[in-house]
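The structure appears right after this line, and notes come after that.
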Amino acid sequence: MCGIVGGVAQRDVVPILVDGLRHLEYRGYDSAGVAVLNESQALKRVRTAGKVRELDELLRKEQLHGMLGIAHTRWATHGKPDTRNAHPHICRGTVAVVHNGIIENHEALRAAQIKAGYEFTSETDTEVIAHQVYDHMMKGDDLLKSVQRATHELDGAYAIGIISKTEPNRLVAARRGSPLVVGVGRGENFIASQAAALITVTQRFIYLEDGDVADITRDAVTIYDASGKRVERPVHISSLTPDAVEKGPYRHYMLKEIFEQPQALADTLTNCLSSNRVLEESFGPKAKDIFDQAQSVLIVACGTSYHAGAVARYWLESIAGIPCVVEIASEFRYRKPVVRPNSLVITISQSGETADTLAALQEAKRLGFGHSLSICNVPESALVRASDLVFLTRAGPEIGVASTKAFTTQLAALMLLTICLGRRRGLSADKEALLVKLLASLPAQVDRVLKLNEQIKTLAERFADKHHALFLGRGTQHPVAMEGALKLKEISYIHAEAYPAGELKHGPLALVDADMPVIAVAPNNELLEKLKSNLQEVRARGGELYVFADETIDVTEGPTVHVVKLPHTDDVLTPIVFTVPLQLLAYHVAVLKGTD
């Protein structure tokens with residue numbers, strides 16, 4: 001969740017650092033700070049527990065200026081959210097560091113450093129990095145070599161930016177597991193955890209690979225890989241514009257991105273459909289040969305992307321007739337799965353930089369599962385570069401941490417894949433034509449759902465004082481319920497769970513009462529009558545029901561039953577359409593509760 005910005009220039013970098021932090025505020029944070037080398041070649045730092053605007057006020061008061069600096073927004077992991085734990089961290093007035101990630105061996109390093117005489121001023125794992133780099137510098141290494149040596153002594157994930165008062169024109173950056181980009185300018189260069197932070201100063205970016213260390217001056221960027229060998233990384237021209245990362249007329253990025261879904265779906269499907277067929281070349285020039293070889297599918301993903309994979313499992317098995325296993329990436333890495341050599345390994349990620357998903361892909365390759373396909377929203381990302389095939393969702397920048405348009409476009413991509421694989425297993429041309437027609441209608445269907453915004457906003461008022469919620473769905477709607485519960489807990493901080501509706505009586509029904517709202521998704525399909533029976537169980541326990549129902553079915557409203565009618569959608573694509581009102585519900589509840 002943390003954000004990094006850094007720069008070395010021939011002008012004052014402080015306004016650039018602060019502007020970069022503002023562009024990263026959407027990620028959530030509890031403190032912020034800046035360190036620069038000032039006009040007197042002294043390392044000066046300003047930090048605050050609170051918002052970037054408060055940091056900006058302090059910087060103006062302190063009149064902090066400098067042409068070399070680093071900045072950070074922190075989400076507390078090690079140590080409580082206060083000023084002394086805020087980044088940057090400084091060792092003996094000489095070395096300053098900002099860090100995203102977790103140093104797993106920080107306790108051992110801390111013990112050794114204390115024994116060597118180093119004093120700690122924070123509870124963070126990050127401070128050991130500053131001491132470790134400083135220690136190597138005291139042994140005669142320059143800043144670059146010290147960072148290279150120090151990173152080999154760190155276990156865990158990191159993206160770091162480091163400056164030293166002994167080398168006033170140098171910024172060193174390194175990454176392993178956490179994303180970091182270099183922004184290339186003219187007579188100035190920058191780093192950031194995301195390109196969006198720097199889009200007002202450059203559109204030219206170098207995406208560092210795992211293990212890279214970048215030596216950055218005003219006029220040059222030199223990159224070394226994990227072995228210390230000098231390497232060339234390509235410069236990408238970003239299509240991002242300053243307008244693309246602004247909220248426009250919307251109050252929050254999340255609301256903007258929910259309402260961008262019709263266009264995002266249309267853009268994702270553009271150039272993929274022709275004459276009632278899916279163009280499998282959309283997945284890459286080698287797609288035909290790789291799809292021909294696939295005998296099973298392994299999907300690995302995290303969070304919202306995992307839920308997309310869970311929906312796709314139903315589609316792949318029922319429509320394409322191909323076996324599918326869906327794995328949580330962070331778990332797949334550490335277990336011993338049975339290898340199916342001709343599997344198509346599908347990784348799903350909005351950013352393409354999700355560390356657990358990247359590691360899971362490498363593990364699947366090592367084990368010999370088969371060819372790989374990445375479904376991703378960022379063309380220059382590490383996951384894209386590591387995969388045999390790529391399908392790019394064209395959702396545009398997703399600034400909101402709670403993923404919305406990335407999820408629905410991932411589902412659209414997974415249906416396209418289902419059709420391509422289904423052709424090889426008996427999917428008829430007529431059935432494909434029907435699915436293509438349904439896909440083409442998706443933007444209009446989602447647009448109709450968005451017109452229910454005010455009704456859902458009113459409904460959200462009933463949730464403002466709740467502490468728990470239960471989401472129910474059957475079949476493909478169970479992953480949709482999981483996604484709805486994730487959105488509610490993620491941004492409103494209401495504890496929420498999702499269950500297959502048929503499992504209600506096997507435990508969660510005991511929790512249902514008037515203070516625990518139950519949200520059900522109810523498309524018009526063969527499982528509807530069974531779902532209605534589950535809803536009766538909720539009513540019998542005095543539960544408050546909120547039913548998002550297809551407009552063609554009859555669900556009787558009452559004092560404890562609240563119904564939102566959704567436009568009729570063919571059952572196969574209801575996971576995409578029925579997700580949208582759950583996003584709106586979570587958003588409006590969060591706004592009413594005042595959770596950031």
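Residues take their numbers from the sequence shown, with the count starting at 1. Computed from heavy atoms alone, side chains included, the values below leave out hydrogens, waters and symmetry copies.
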- Hey, does the side chain of Glu257 reach the backbone of Thr404 with a donor-acceptor pair shorter than 3.5 angstrom? no
- Query: For His236, what residues pass the side-chain hydrogen bond (donor to acceptor under 3.5 Å, both in side chains) criterion, not counting sequence neighbours?
  - Reply: none
- Message: For a quick check under 3.5 Å, do Thr393 and Lys405 share a side-chain donor-acceptor pair by atom type?
- Response: no
- Task: Run the numbers on Ile576 and Met415 for side chain to side chain contact (heavy atoms under 4.5 Å, CB included), then give the verdict.
- Result: CA-CA 10 Å; Ile576 299 174; Met415 177 51 74; 5.8 Å; no
- Query: What closest approach, in Å, do Ala192 and Ala197 show between heavy atoms, and which atom pair accounts for it?
  - Reply: CB-CB, 3.9 Å
- Task: Give a yes or no on whether a salt bridge exists between Lys256 and Glu260, defined as a side-chain N under 4.0 angstrom from a carboxylate O.
- Result: yes
- Task: Spell out, as yes or no, whether a donor-acceptor pair under 3.5 Å connects the side chain of Gln477 to the backbone of Leu472.
- Result: no
- Look at the side chain of Ser343 and the backbone N and O of Val339, then say whether any donor-acceptor pair between them is shorter than 3.5 Å. no
- Message: Working note: Asn377 + Gln350, criterion side chain to side chain donor-acceptor pair (under 3.5 Å); need CA distance, chi angles, decisive distance, verdict.
- Response: CA-CA 5 Å; Asn377 194 43; Gln350 190 284 129; 3.0 Å; yes
- Could you tell me whether Asn342 atom CG has more than 12 heavy atoms of other residues or ligands within 6.0 Å of it? yes
- NZ of Lys593 to NE2 of His588, rounded to nearest 0.5 Å, is 16.0 Å
- Looking only at atom types and distance, does a side-chain atom of Ser387 sit under 3.5 Å from a main-chain N or O of Leu373, one as donor and one as acceptor? no
- Might you point out which heavy atoms bring Phe332 and Pro337 nearest each other, and give the distance in Å? CE1-CG, 3.6 Å
- Message: Is the shortest side-chain heavy-atom distance between Val564 and Leu452 below 4.5 Å?
- Response: yes
- Task: Check the pair Thr354 / Ser349 against side chain to side chain donor-acceptor pair (under 3.5 Å), numbers first and verdict last.
- Result: CA-CA 7 Å; Thr354 309; Ser349 170; 3.0 Å; yes
- Message: A quick test of your reading: do over 12 heavy atoms of other residues, nucleotides or ligands sit less than 6.0 Å from NZ of Lys457?
- Response: no
- Check whether any side-chain heavy atom of Val325 sits under 4.5 Å from a side-chain heavy atom of Val297, and report yes or no. no
- Message: Holding to salt bridge (charged side-chain N to carboxylate O under 4.0 Å, His left out), I want the full list of residues that pass it with Glu353, two or more places apart in sequence or in another chain.
- Response: Arg175
- Any donor and acceptor pair, going by atom type alone, linking the side chain of Glu327 with main-chain N or O of Ala301 inside 3.5 Å? no
- Message: So, taking the atom named CG in Leu459 and the one named CG in Leu584, what distance separates them when rounded to the nearest 0.5 Å?
- Response: 11.0 Å
- Message: As an exercise, state the distance from CD1 of Ile299 to CG of Leu414, rounded to the nearest 0.5 Å.
- Response: 6.0 Å
- In short, Ala498 meets His478 closest at the heavy-atom pair O-NE2, 4.3 Å
- Identify whether the distance between the nearest side-chain nitrogen and carboxylate oxygen of Lys286 and Glu281 falls below 4.0 Å. no
- Can you sort out the partners of Gln263 under side-chain hydrogen bond (donor to acceptor under 3.5 Å, both in side chains), two or more places apart, ordered by chain and number? Asp267
- Message: Taking the side chain as everything from C-beta on, heavy atoms only, tell me whether Ile494 gets closer than 4.5 Å to Lys489.
- Response: no
- Examine the side chains of Thr552 and Asp550 and answer whether a donor and an acceptor come within less than 3.5 Å of each other. yes
- Do Thr409 and Leu265 come within less than 4.5 Å of each other through their side chains, counting heavy atoms only? yes
- With the side chain counted from C-beta on, respond yes when Leu486 and Glu483 share a heavy-atom pair under 4.5 Å apart, and no when they do not. yes
- Can you tell me which residue pairs pass the salt bridge (Lys or Arg N to Asp or Glu O under 4.0 Å) test with a partner in residues 407-427, sequence neighbours excluded? Glu280-Arg423, Glu280-Arg424, Asp292-Arg424, Arg423-Glu432
- Message: Classify the ring geometry of Phe391 against Phe283: parallel below 30°, tilted from 30° to 60°, perpendicular beyond 60°.
- Response: tilted
- Glu497 and His468: side-chain donor and acceptor closer than 3.5 Å? no
- Say whether Thr569 and Gln445, considering side chains only, have a donor N or O and an acceptor N or O under 3.5 Å apart. yes
- Item | Listed partners of Lys451 passing side-chain hydrogen bond (donor to acceptor under 3.5 Å, both in side chains), at least two apart | Asp447
- With sequence neighbours left out, write down each residue that passes side-chain hydrogen bond (donor to acceptor under 3.5 Å, both in side chains) with Asp388, or none if nothing qualifies. His371, Ser372
- Is any side-chain heavy atom of Leu488 closer than 4.5 Å to a side-chain heavy atom of Val589? yes
- Do Phe407 and His307 have side-chain heavy atoms sitting under 4.5 Å apart? yes
- Item | Heavy-atom pair of closest approach, residues Asn100 and Ser193 | ND2-CB, 3.6 Å
- Message: Ignoring hydrogens, what is the shortest heavy-atom contact between Val563 and Ala549? Give both atom names and the distance.
- Response: CG1-CB, 4.2 Å
- Message: Once you measure the plane-to-plane angle for Tyr546 and Phe463, does it fall in the parallel (<30°), tilted (30-60°) or perpendicular (>60°) bin?
- Response: tilted
- Message: Surrounding NE2 of His467 (heavy atoms of other residues, nucleotides or ligands, distance under 6.0 Å), is the total greater than 12?
- Response: no
- Item | Check: Glu317 side chain, Cys324 main-chain N or O, donor-acceptor pair, under 3.5 Å | yes
- Message: Using salt bridge (charged side-chain N to carboxylate O under 4.0 Å, His left out), reason through Arg335 and Glu331 one step at a time and then give a plain yes or no.
- Response: CA-CA 7 Å; Arg335 70 182 196 85; Glu331 292 294 320; over 6 Å; no
- Would you call Val384 and Val378 a side-chain contact if the rule is heavy atoms closer than 4.5 Å? no
- Item | Spacing of SG belonging to Cys420 relative to CZ belonging to Arg277, to within rounding of 0.5 Å | 8.5 Å
- Task: Can you measure from NZ (Lys487) to CZ (Phe471) and round to the nearest 0.5 angstrom?
- Result: 11.0 Å
- Gln261 side-chain N/O to Ile258 backbone N/O, donor-acceptor pair under 3.5 Å: yes
- Message: Can you confirm whether more than 12 heavy atoms, excluding those of Arg394, are under 6.0 Å from its CZ atom?
- Response: no
- Task: Supply the atom-to-atom distance Thr408 OG1 to Leu442 CG, rounded to the nearest 0.5 angstrom.
- Result: 9.0 Å
- Steps toward side chain to side chain contact (heavy atoms under 4.5 Å, CB included) verdict (Val580, Leu450): CA-CA 8 Å; Val580 177; Leu450 291 172; 3.7 Å; yes
- Judged by atom type as modelled, is there a donor-acceptor pair below 3.5 Å linking the side chain of Ser403 to the main-chain atoms of Thr304? no
- Arg333 atom CZ, over 12 foreign heavy atoms within 6.0 Å: yes
- Item | Test item: Ser296 side-chain N/O and Ala294 main-chain N/O as donor-acceptor pair under 3.5 Å | no
- Query: What is the minimum heavy-atom distance between Pro323 and Arg340, and which atoms define it?
  - Reply: CB-NH1, 3.7 Å
- Does Trp315 reach the main-chain N or O of Ile419 with its side chain, forming a donor-acceptor pair under 3.5 Å? no
